[in-house]
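Below: one structure, written as structure tokens.
Worth saying up front: this structure is predicted, and the values here are computed from it rather than measured. Sequence lines set the chain letters: A, B, ... in the order given, protein chains first and strands last, and positions in each chain run from 1.
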Protein chains: 4
Amino acid sequence: MARPRNEVRRLAILSAATHVIASQGIGAASTAVIAKGAGVSNGSLFTYFDTKTQLLNELYVELKSEMAQAATADLPPHATAREQVRHMWRHWARWATDNPAKRRVLAQLQVADEITAESHQQVAAASASIADLLERARVGGPVQDAALGFVLTLANALAEAAIDEMIRDPEHAAANADTAFEALWRVLAGAIPPTDT
Amino acid sequence: MARPRNEVRRLAILSAATHVIASQGIGAASTAVIAKGAGVSNGSLFTYFDTKTQLLNELYVELKSEMAQAATADLPPHATAREQVRHMWRHWARWATDNPAKRRVLAQLQVADEITAESHQQVAAASASIADLLERARVGGPVQDAALGFVLTLANALAEAAIDEMIRDPEHAAANADTAFEALWRVLAGAIPPTDT
Amino acid sequence: MARPRNEVRRLAILSAATHVIASQGIGAASTAVIAKGAGVSNGSLFTYFDTKTQLLNELYVELKSEMAQAATADLPPHATAREQVRHMWRHWARWATDNPAKRRVLAQLQVADEITAESHQQVAAASASIADLLERARVGGPVQDAALGFVLTLANALAEAAIDEMIRDPEHAAANADTAFEALWRVLAGAIPPTDT
Amino acid sequence: MARPRNEVRRLAILSAATHVIASQGIGAASTAVIAKGAGVSNGSLFTYFDTKTQLLNELYVELKSEMAQAATADLPPHATAREQVRHMWRHWARWATDNPAKRRVLAQLQVADEITAESHQQVAAASASIADLLERARVGGPVQDAALGFVLTLANALAEAAIDEMIRDPEHAAANADTAFEALWRVLAGAIPPTDT
DNA sequence: CATGAATGAGATTTCATTCAT
DNA sequence: TATGAATGAAATCTCATTCAT
């Protein structure tokens, strides 16, 4: 079954999957429900995705890539590392708060057994520019000798936790975002520069 | 008296569930497989747990409580906050690396839709001493004004990420453990004392 | 398993079965539920009744016999057939309205597949005095040449329908009882005597 | 268009259910057995009926409607009430003796707990012309002041009992049919016209 | 004899996937 | 290519009956 040309339908299916998983949980996301949500027949879904597992994997890669892209968009090229990390962090947090459903889905897919090692690798590749930035930011800091993967995991965990809290308590979102950024930066660079917004 | 309800069997079922979920994922953990793994008949499982959901919830609470208890065992009462956090962190990490299967299960159950709000509350109660310690540790630090829940989430995410990495790369586990603790401490207290192990 | 001596328990089980079936339907009457209703252990039930089918059959015979006995109690020996039938009918209706649960159970058991032919025969034997009375009453009437079983079935159906209605609409129970008796009598004897009551 | 939902298959399932219930009782009528009897896969049954309960309810309504329609087919419009009731009675009896399996099923479903109040209402609506006829027939008779529901119940019980007997003893079916009709008529109208047949 | 845990054969229902139309 | 009916394996849970205590 070659990939068909009607990209719109494919996206409709992925979108429906997102909404179903976000609102009802991954357990309720049967192919029938997803197809209906996409306004597509049950059987049609399988001309766009060979298996349900494949659908889930593609969704995972797509969402994670979108998030990575949002995080690193418009990075000011000549700013300091701290400025760049702060920029990234803001965009990351904005994408997350703007797309709570996608975030919820990502959280579920991240630990789902159906996601293959290959997908995780693809995601890592798509997150390369985030990795690059963190690599630069940690130079001279306390985690400079750790494995980069470890630092990435740490940073990601921190960010996820912060965003979770921001979504849960929108009123203090701004303050928490700042606090979280400072925490992230302390982990990376260990110190706080004298002045900065 | 009839055959008494056998606590050993109940634990065997929970243990079987742990092993199945850890090795095959939560999707493969049917009651049939769990029962067989426990050397128990399919029907018998349901004399120990009314529903599969209940089994999962009890397993979650049990594992998380065990972890919390391991983390806060033998806390030196008169040590500094930093010493206490370090102590907790070491025990936590040791439990996690000693029980990788339980860790994997916990990671899966934490985001499973079957886990009820009540179970999450029970877990929070069981983790009270961890919360207390972090509450003391952050005094005067950069996150002292954030919601405690937020700090807990942050610390937990950090620890989980670190332990993930330690399990993934056992050779550098010790070094990573130290790095992670320093990161955790910086998040909590913001500064590094001049001397300490 | 010989019949045990503790008749009280046996009756408690039958009574519990009656209440469960009457209120929840025969589908909800598992041996566990019946046993609990009788304040008896699950296993114990099987020392009083070899199988669930046997329990149901004994219950059926018991209830039907009780009803037949109630219907023909204190039959005035020298009264006319009409007087006797009326007497029987009144007692029958009273028993039914006084024991609505038992009635409902009887209605369910009558058509249950578990009731054996033998039980139906036993019931017929227990209803012999009703049969005798009807046999006498129909002499000279329009159904005098039909099979007696047929007449019995007819009379029973009529009575059941009437009692159903009396239970459903208690306010007009008395009037309906009279109407039903007249109907019954017309079926049996075909004519209404000039004066009576 | 996909394969269209096949009415033939739906009827095959209902028919299989009828045969199983008639010969083995409602207790033996598992969806697996019914599906196999219909030459249909287990899962397929559920594309025609959402639940087993629904299947049973539809079967009940369908059979009862068929019976009511058979009973009131070709009613001579200008005949006397007695003629019309006799006509109805004959058709009713013929349908019943021609379809003994359906009859047995109806008897079982009538008292099954799975049949909903709504189904009973639908059945009542489908039996409206029978009710109309009885309403006309009882005018001036001894049950003219009773609730119509009561009269319907009575008539139905009488008919059912008679048909039971006719099926049980086919040799005397014709004679019993006549006897039963006279009984029915006496209940309704109280008197027997001088000449007829 | 009483108890209630143990058993395992079903029962109903869901669902990814296939395939006739 | 789109549709949705068809499939049957699997999943959860129930229950009559047995049997260790």
B:Ala35 backbone acceptor or donor facing B:Asn42 side chain under 3.5 Å:
no
Expected output check: what is the dot-bracket annotation of DNA chain F, where ( ) and [ ] are pairs inside the strand (brackets for crossing ones), | is paired with another strand, and pairs are Watson-Crick or G-U under 3.5 Å?
.||||||||||||||||||||
How many whole angstroms separate atom CG of D:Leu45 from atom C1' of E:dC15?
16 Å
Starting at CD1 of B:Ile13 and ending at C1' of E:dA5, how long is that distance when rounded to a whole Å?
11 Å
For DNA chain F, whose closest nucleotide is more 5', that of D:Arg9 or that of C:Thr51?
D:Arg9
A:Lys52 to A:Phe46 - nearest heavy-atom pair and separation:
N-CE2, 4.3 Å
Quick one: does any side-chain atom of A:Gln24 pair with a main-chain N or O of A:Ala29 as donor and acceptor, under 3.5 Å?
no
Shortest side-chain distance from C:Val40, nucleotide among F:dT12, F:dT3, E:dT3:
E:dT3
Taking for each residue the nucleotide of DNA chain E with the nearest heavy atom, is it D:Asn42 or A:Asn42 whose nucleotide lies nearer the 5' end?
D:Asn42
Determine: side-chain N/O of B:Thr47 to OP1/OP2 of E:dA6, distance under 4.0 Å, yes or no.
yes
A:Lys36 NZ to F:dG4 C1', straight-line distance once rounded to whole Å
12 Å
Between B:Arg10 and B:Glu62, is the closest basic N to carboxylate O distance under 4.0 Å?
yes
Judged by nearest nucleotide, the residue sitting upstream toward the 5' end of DNA chain F, B:Phe46 or A:Gly39, is A:Gly39
Counting only side-chain nitrogens and oxygens, does A:Tyr48 get under 4.0 Å of the OP1 or OP2 atom of F:dT1?
no
Counting only heavy atoms from other residues, nucleotides and ligands, does the tally under 6.0 Å from CD of B:Gln69 exceed 12?
no
Atom of B:Ile13, atom of B:Tyr48 and distance for their closest heavy-atom approach:
CD1-CD1, 3.9 Å
note: B:Asn6, atom CG; E:dG4, atom C1'; distance rounded to Å ~ 13 Å
Can you find a side chain N or O atom of D:Ser44 that sits less than 4.0 Å from OP1 or OP2 on F:dA5?
no
Please pick, from F:dG8, F:dT12, E:dT7, the nucleotide with the shortest atom-to-atom distance to any side-chain atom of D:Ser41.
F:dG8
Separation of C:Ile34 atom CD1 from F:dT14 atom C1', in whole Å?
15 Å
Whole angstrom is fine here: how far is it from CG in C:Leu56 over to P in F:dT17?
11 Å
Mind calculating the distance between NZ (B:Lys52) and C1' (F:dT14) to the nearest angstrom?
17 Å
Taking everything shown except A:Glu66 itself, do over 12 heavy atoms lie less than 6.0 Å from its CD?
yes
For F:dA11, take OP1 and OP2 only and decide whether either is under 4.0 Å from a side-chain N or O of B:Thr31.
no
What is the separation between atom CD on D:Glu114 and atom C1' on E:dT12, rounded to the nearest whole Å?
12 Å
